[in-house]
Structure formats: C-alpha cells, structure tokens
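As structure tokens, the structure follows; a few thoughts come after it.
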Amino acid sequence: MPPRVELVTAAPETLAGIPAWRFEAHGACALFLGRGAPARDAALPAGILPAGVAPAWLRQVHSARVLDTVAGACGEGDALVTGQRGLAATVASADCVPVLISTPGAVGAVHAGWRGVAAGIVPAALARMSAHGGLERGIAWVGPAIGACCYEVGEEVAARVVEAAGAETRREGRGARPHLDLAHAVAVQLAAAGIERIVCLGLCTRCRPEWLWSHRRDGEGCGRNLSMIWRGPG
Ligand SMILES: [Zn+2]
C-alpha cells in the first residue's frame, strides 16, 4: 500500500530575507531554508534560531551513517539524531531530499539522495531515533527536493532505488530515460519504519528558482538549501 502523505505546496514566509517553511510538533521546530541560506558551517543570520539553540552539521558523503549531535561539526555522515534540547540538527541539500523527523523523545535530520535511499539512511536514522522512546506519534517533514518532473536518471540508478523503495518510485518521463520520485521513495521508507504522519513539501528544487537552489539547474557553485530541526531550549 502506498504511504499516506499530506502534501504542502504553500509559498514560503521570509526569514532574515531567506524563503522559509516552518513546522512544529512535540515542542520541536522544523525549518527549511531555501535560496540565500548561508553555508552549513557559516554563521546564521539573526532571527533564524532562537536564543539557546546551537546549529550542528555534517560533512555529507551519501552514506547510511547516522551520528549523534553535538554543537558545531559532528563529523562525516548523512543523518543527525538527538534527544537533547538546544541543538539544531542540520543538513544541506540542493536536489537531494532533506528529511526532518520529530518524535516525543528525539529529533533527526537526514540527507537522502538516490545513494542514501539505496543505502538505507532513512531507516538507519529511524532506528537510532527509536532508542529515544520509540517512534510512536512520530512525524516527518519531507523537504524540497528535485521532483519526478526533473529527475531523469540512468537505468542502473533507477533499479537501485526501485529495489530499496518499490516500483512506484519510478516514473516515465518525456524521453526514453526513467525518472525517479525520490520524495516518494523516502516516504515509502518512513512509512515502512512506522512513521505515522508524513508531510511532504511538494516543491521541485529545479522548477522553483525563485525559492530554492538546485544543483541540476544551477550547476557547480550552486548554494545549498538548509534544513534544521531542534527541540526548544526548555
Ligand atoms: Zn521539476
């Protein structure tokens, strides 16, 4: 059965001059920042994070490696999980899928491109989160990523993602090459691991130059959209 997904296509608000989409659950705040977001390890403009919340980031390598969150640089991996308050788990992306997850006991941020989907970064992050009191009442926000409209891939890549997340992730495009719906693939993996509520920002990075960075559209030197989630300082 396909996962049930709530689709959000709202225009962003503007936070410190940056397009932003904000969500809340269990006292946690999830924030997606689009075009104009600073580099992941640069100082954030005032007004992005509340006082007492420190950003935490990764050196992302398209792996299935989940790290515990500390303030600042956390090391090499593609997901951050924490039960602590006051730490903003952050991932950077420009077409890959950013996923922010909240349960009553923890928050997690995941960077999932096709390699991450195939390697299982989403279930790996959820397994780590379940150690903080389970996944019951969990909610996941699937952020802006390249849509099936624009994500043309080779047969080998399509086969790897279909193997990991089912045939529904493959879509036919205008040309002969397959297209992939990576956000759908992530939703399949979230639902399979027991996340009850999945909210998907149905915005294609490549189709929305006014709001979002896209590596396929902007090429090398392209900026990164930032996705952050934190539990309030208490
Ligand atoms: Zn598109």
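Start at 1 and go down the list; that is how both ligands and their atoms are numbered. Just so you know, residue 1 is the first one in the sequence shown, and it goes up from there.
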Output, in order, the C-alpha distance, side-chain angles, deciding distance and verdict of side chain to side chain contact (heavy atoms under 4.5 Å, CB included) for V66 and I121.
CA-CA 7 Å; V66 184; I121 184 66; 4.2 Å; yes

Just say parallel, tilted or perpendicular for the rings of F23 and F32, cut-offs at 30° and 60°.
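F23 and F32: perpendicular rings.
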
Distance-only donor-acceptor check, side chains D95 and S214, under 3.5 Å
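Yes - a donor-acceptor pair under 3.5 Å links their side chains.
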
Which one of T69, T90, L67 satisfies the side-chain contact (heavy atoms from CB on, under 4.5 Å) criterion with L58?
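It is L67; the other options fail the test.
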
Counting only protein atoms, how many N/O/S atoms are less than 2.8 Å away from the Zn ion (ligand 1)?
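Considering protein N, O and S only, the Zn ion (ligand 1) has 4 within range.
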
Between E172 and R174, is the closest basic N to carboxylate O distance under 4.0 Å?
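Between E172 and R174 there is no salt bridge, as every charged N stays at least 4.0 Å from the carboxylate O atoms.
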
Salt bridge flag under 4.0 Å for residues E210 and R208
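Between R208 and E210 there is a salt bridge, with a charged N closer than 4.0 Å to a carboxylate O.
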
